[in-house]
Amino acid sequence: MKRAALHNLGCKVNAYETEAMEQLLEAAGYRIVSFQEAADVYVVNTCSVTNIAERKSRQMLHRARKLNPQAVIVAAGCYVQAAQEDLKKDLAVDIIIGNNKKQDLVPVLEDYFRQRERERSGGEALPGQEAEGLSFVRTRVIPIGDTKEYENLNISRLSGHTRAFVKVQDGCNQFCSYCIIPYTRGRVRSRRPSDVMQEARRLVENGCREMVLTGIHLSSYGTDLEEGTDLLSLIRQLHGLKGLERIRMGSLEPRIVTEEFAGALAAMEKVCPHFHLSLQSGCDATLKRMNRHYTTAQYEDCCGILRAAFGHPAITTDVIVGFPGETEEEFWQTREYLERIHFYEMHIFKYSVRAGTRAAAMDHQVPEPVKAARSEELLKLEGQMSEEYRKRFLGKELQVLLEEPVTIDGKPYMTGYTREYVKVAVPPEWGGRNCFVTGRAQGMLGREVLYMENL
């Protein structure tokens, strides 16, 4: 039995695809081991969203080679799509598999092993291979921008966590000026609702109680399918699935939030009041340079619609500081806007130049020390707002889906999340993983965890 180890870099879509590749390998007879162990095959699902992500991808590929110089090293994913010619020359890599071809991992590996044995026994290389001694690179990469096919990957069970991330969409047509993803993921491609429901049923049969719908541009789900297929119709179908108790969504484009959309979601009790609305800047001039397709006023209206429908939903967001041309005045305009909207959590990113994007060639790049100072300012604001949101739940009855045991200040707890995705700790005797418990929030453990006691 060959041993395989996988490592994921990047987003929740990548995480889903890594899990799917792991289950493909298991079904083919491979034994899955930790990435730190000796393995016959190492698969690194790479990321290309920033230059730093690409560097980490290269580092993990070279680390795999050091772990076992005789192993087969597979580079998969977005970095492959962006830099396949460089990877073909990288001695740490044996196989490169781009996006929309991860489903071919097992047959590509089998082909590689056959050819390696053929070379070792003195036979000729098989057609289509680049051979030099015992070193050759097997490639499976397509021009991703040309394909309209949704890749047939799926999972059948949870792997090491409580929530199941279910990929329903790939690709992006937005072309934000800082983003390489449309070039590495291609155009919008949606998964057929029948395929989503089939996977969802399998997951529920295997114990899944909470599902997170994810995609590269989730709000575009269904735009490439038949009329009447959209994200809301898919959620309605999932809501009717017996045994599934919670539904969450990944990152949403603000423009999808209408009164009709929010009202329909609020009428479905399984939909969690937790929404990640990507913002990036609280300044209209900066949003325009970013090629974001909304204004700050429109975004604020969306938040108001969600709050009118759900009361006090958890609204989280992403913010980039130090985007080219961002002045001090624009930055403080963003800060004031963020404080007014009052998010539950914010992910703060310092702008990073990404080769191949329009923003990389823009004038007035912001110095790194200025980016760092602005990031620190917003991180302080994020901490304050996040703590305020959590404290709203003190004294209230909460339902928590338990996820993992932890030790806090030397004491054991089980932790899990509320419907709003607020982390809660309870005594370990309350229950185990994937168990719902109900209690009253009595206090805080640090700044980020609520403590719950019996009603």
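Nothing here was measured: the structure is a model prediction, and the numbers come from that model.
- For the pair S57 (side chain) and C47 (backbone), a donor-acceptor distance under 3.5 Å is present.
- Proximity of a side-chain donor or acceptor of N99 to a complementary backbone N or O of T184 within less than 3.5 Å is detected.
- Here the side chains of I315 and H274 are not in contact, with every heavy-atom distance at 4.5 Å or above.
- No side-chain N or O of D170 forms a donor-acceptor pair with one of Y150 less than 3.5 Å apart.
- Contact annotation: the side chain of I235 approaches that of L265 to within less than 4.5 Å [non-hydrogen atoms, C-beta and beyond].
- For the pair T317/Q280, no side-chain contact is recorded, criterion being any heavy-atom separation below 4.5 Å from C-beta on.
- With hydrogens and angles disregarded, a donor-acceptor distance shorter than 3.5 Å links the side chain of Q103 to the backbone of N152.
- Proximity of I96 to K88: side-chain heavy atoms (C-beta onward) are separated by under 4.5 Å at one or more points.
- Under a 3.5 Å cut-off, the side chain of T147 and the backbone N or O of I144 do not form any donor-acceptor pair.
- Proximity of H62 to D90: side-chain heavy atoms (C-beta onward) are separated by under 4.5 Å at one or more points.
- One finds the CG atom of D195 at 12.0 Å from the OG atom of S190 (value rounded to the nearest 0.5 Å).
- Checked against the 6.0 Å centroid threshold, F323 and Y351 count as a close aromatic pair.
- Between the side chain of D363 and the backbone N or O of G325 there is no donor-acceptor pair closer than 3.5 Å.
- Screening R390, M385, E420 for a side-chain contact (heavy atoms from CB on, under 4.5 Å) with Y344, the sole residue that qualifies is R390.
- One finds a salt bridge joining R335 and E339 here, because a Lys/Arg side-chain nitrogen approaches an Asp/Glu carboxylate oxygen to under 4.0 Å.
- The closest donor-acceptor contact from the side chain of K56 to the backbone of L9 lies at 3.5 Å or more, if one exists at all.
- Residues N45 and K102 have side chains that bring a donor and an acceptor to within less than 3.5 angstrom of each other.
- Rounded to the nearest 0.5 angstrom, S352 OG and Y178 OH are separated by 13.0 Å.
- The aromatic rings of Y417 and Y421 sit parallel, their planes meeting at an angle under 30°, below the 60° perpendicular limit.
- Looking at Y389, its side chain does come within 3.5 Å of a backbone N or O of H312 through a donor-acceptor pair.
- Judged by distance alone, with hydrogens and angles left aside, the side-chain atoms of D40 form no donor-acceptor pair with the main-chain N or O of K2 at under 3.5 Å.
- A 4.5 Å side-chain heavy-atom check between R358 and N291 finds at least one atom pair inside the cut-off.
- Counted by atom type alone, W332 and E328 present one or more donor-acceptor pairs between their side chains at under 3.5 Å.
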Test log, rule side chain to side chain donor-acceptor pair (under 3.5 Å), inputs R292 and S278:
CA-CA 10 Å; R292 301 292 288 177; S278 185; 3.3 Å; yes

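- No donor-acceptor pair closer than 3.5 Å links the side chain of R157 to the backbone N or O of Q23.
- For T415 (side chain) and E404 (main-chain N/O), a donor-acceptor pair under 3.5 Å exists by modelled atom type.
- V166 is listed as a side-chain neighbour of L203, based on a closest heavy-atom distance under 4.5 Å.
- Remark: N68 CG to R3 CZ distance equals 7.5 Å, nearest 0.5 Å.
- For the 3.5 Å distance criterion, the side chains of E54 and S48 qualify, holding a donor opposite an acceptor.
- The side-chain heavy atoms of H342 and E388, taken from C-beta on, include a pair separated by under 4.5 Å.
- Side chains of H217 and E253: a donor-acceptor N/O pair is present below 3.5 angstrom, by distance only.
- Taking the six-membered ring for Trp, F35 and Y42 have ring centres closer than 6.0 Å.
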Give the C-alpha distance, both sets of side-chain angles, the deciding distance and a yes or no for side chain to side chain donor-acceptor pair (under 3.5 Å) between N100 and R189.
CA-CA 11 Å; N100 252 47; R189 306 180 301 286; 3.0 Å; yes

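- Taking the ring centroids of Y183 and F175, they lie under the 6.0 Å cut-off.
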